Amino acid sequence: MDVQNDVGLTAYLVNESRARRKDLAADPLASEWIADDQRGAVRDLWDEFAEAVYPHDDLVVSLRARIILDTLSQALDKRGDTVLVVCGAGFSSYPWLLPFAAAMEVDLPHIVAAKRRRAAELRAAGVLDQREVEHVAADLNDPQARQHLLSRIRQFAAGRPVAYVAEGLIFYLPSDEARAVAGLGVSAGPESLTVVSYWPLAAADHPVLAAQRRWFRRRSVPEDATYLTTGDLSAIVGDRVDNHSPEDLQRRYLGEVVVPETELIPEHVAVAGQL
C-alpha cells in the first residue's frame, strides 16, 4: 500500500488525525482502519506533515468529523429511513457509527479497494457489525463518472431521503468539478441534506495553505485549489447554508478557541437542506 503519493494520501493523514483525537471526533473505530503493519508508515507521514506544514491537523479533522457526525445523527432522528452517501469517504466510520438504512462510500479506486478489504477484515474479526455499505470507485473529475454516480445514488436511495457528505475533497478539484460534486446530493432528489467541507475564498492566501501546497506538490498532488463562499454553496444547493469555521467548532466542542484559525488550515463545514 503506497501512502506517499497522489491525493489519496490525504485519506491516510485524515485517518491518523482522527485516531489521535478519536474522543473529540467521537470515532472509536478510527484507529482500526489501518492495519498494525502499516500504521507506522502512516504515523511517519503524519509527523512529516506536522513538521513541514502545521501540527494541528488532528484538531481540525476531528472537529470536522464531529460536526458531520452530529449533523447526520440529527438527520436520522428526523427520518430513520435516510440513506448516507459520502464522497471522499477515505477511512471514515460514519456508516458503522450511525444506524443508517444503507450507506454508499465513494472514493478513488485504490482507496476504495483498501477500505473494502479492511472492512472485510474488521467484520471477520468482530470489530465491525454487518451493515449495508456499498463502496464505489469513481474519478469525480470525469463528468461521465459523476453522471453515472448520480444515477447510481438515485437508484440506491430508491426514493428515500439522502444525507450527502463531501468531506475533505472539493478543494482538490477544479472549480467546475468542485461545484458539481458539491451539488450531487441535491441533484439526487428533493429530500436531501448536504454537508460539504471547503476552503473559503477569503483564505486563498492563507500561509498554512501555502505550506500545504508546497508539501503536496512533492507528492504529485495538483497545486491548484478551489475556494468557495457560502454564497457559492447556497447557489449550488439552492438553500440557505449554515457555516461552521474551525473557531466556531472549537467553541462548540472545546468551550474555547485553543488554536486561532490563522494557525490552522481554514477548512469550514457548510450544512444545507432539511429532511
Side-chain angles (χ1 to χ4, degrees), residues 2-27 30-31 33-34 38-69 88-92 111 166-173 178 195-229 243-270:
D2 180 10
V3 304
Q4 294 294 329
N5 294 291
D6 83 35
V7 73
L9 67 85
T10 62
Y12 296 92
L13 288 171
V14 165
N15 176 260
E16 178 64 14
S17 289
R18 283 178 171 156
R20 293 186 181 211
R21 301 287 295 267
K22 59 185 178 182
D23 289 343
L24 179 58
D27 184 359
S31 59
W33 287 109
I34 308 303
Q38 298 157 348
R39 180 62 72 179
V42 174
R43 286 173 178 155
D44 290 345
L45 181 70
W46 195 96
D47 289 342
E48 182 188 336
F49 181 76
E51 182 177 354
V53 180
Y54 82 138
H56 304 298
D57 199 57
D58 55 343
L59 174 65
V60 172
V61 164
S62 297
L63 287 169
R64 178 182 85 189
R66 183 66 173 275
I67 188 63
I68 292 173
L69 187 67
F91 299 103
S92 62
I111 298 299
E167 180 180 12
L169 165 73
I170 63 171
F171 28 73
Y172 296 123
L173 300 174
V195 186
V196 177
S197 73
Y198 72 102
W199 293 341
L201 179 61
D205 296 324
H206 196 289
V208 179
L209 284 176
Q212 185 205 50
R213 288 195 295 272
R214 289 193 298 270
W215 190 81
F216 275 168
R217 276 201 300 272
R218 305 202 307 270
R219 290 169 170 80
S220 304
V221 179
E223 177 180 1
D224 293 341
T226 290
Y227 304 91
L228 298 171
T229 67
N243 188 68
H244 305 277
S245 73
E247 291 194 354
D248 294 335
L249 294 176
Q250 288 181 73
R251 293 186 188 96
R252 178 169 181 167
Y253 294 112
L254 301 177
E256 61 178 333
V257 175
V258 178
V259 182
E261 192 164 327
T262 54
E263 299 177 21
L264 302 173
I265 288 178
E267 186 171 358
H268 290 215
V269 178

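Owing to the predicted nature of the structure, the values given are computational and were not obtained by experimental measurement.
When all heavy atoms of Ser197 and Gly168 are compared, the closest pair comes out as OG-N, 2.7 Å. The shortest heavy-atom contact between Ala11 and Phe91 is O-CD1, 3.6 Å. Minimum heavy-atom separation, Ala203 to Leu209: O-CD1, 3.5 Å. Taking all atoms of both residues into account, the shortest heavy-atom contact from Ile265 to Tyr54 is N-CE1, 3.4 Å. Among all heavy-atom pairs drawn from Arg66 and Leu24, the shortest one is NH1-O, 2.9 Å. Summarising the geometry of Thr226 relative to Leu173, their closest heavy-atom pair is OG1-O, 2.5 Å, with the distance given to 0.1 Å.
Annotation: side chain to side chain contact (heavy atoms under 4.5 Å, CB included) contacts of Ala50 (sequence neighbours excluded): Trp46, Pro55. In this view, His268 and Tyr198 satisfy the ring-ring contact (aromatic ring centres under 6.0 Å, His included) rule, not counting sequence neighbours.
Going from atom CZ of Arg18 over to atom CG of Asp57 covers 10.5 Å, rounded to the nearest 0.5 Å. The structure places CG of Asp58 at 9.5 Å from CG of Leu63, a figure rounded to the nearest 0.5 Å.
For the pair Arg64 and Val14, the minimum side-chain heavy-atom distance is below 4.5 Å. Side-chain contact between Val208 and Glu263: absent, with no pair of heavy atoms (C-beta onward) separated by less than 4.5 Å. With a 4.5 Å cut-off on side-chain heavy atoms, Ile111 and Tyr12 count as touching. Side chains of Trp33 and Ser92 form no contact here, defined as non-hydrogen atoms less than 4.5 Å apart. For the pair Ile67/Arg252, a side-chain contact is recorded, criterion being any heavy-atom separation below 4.5 Å from C-beta on. Side-chain contact between Arg21 and Leu59: present, with at least one pair of heavy atoms (C-beta onward) separated by less than 4.5 Å.
Phe49 and Trp215 have perpendicular rings, their planes meeting at more than 60° on a 0 to 90° scale where under 30° would count as parallel.
Partner of Phe216 under the side-chain contact (heavy atoms from CB on, under 4.5 Å) criterion, out of Gln212, Arg214, Arg213: Gln212 alone.
Here the side chain of His206 pairs a donor or acceptor atom with the backbone of Leu264 at under 3.5 angstrom. Gln250 places a side-chain N or O within donor-acceptor distance of the main-chain N or O of Val258, the cut-off being under 3.5 Å. Glu247 places a side-chain N or O within 3.5 Å of a backbone atom of Glu261 that can act as its donor or acceptor partner. When atom types are taken as modelled, the side chain of Ser31 and the backbone of Ala19 share no donor-acceptor pair closer than 3.5 angstrom.
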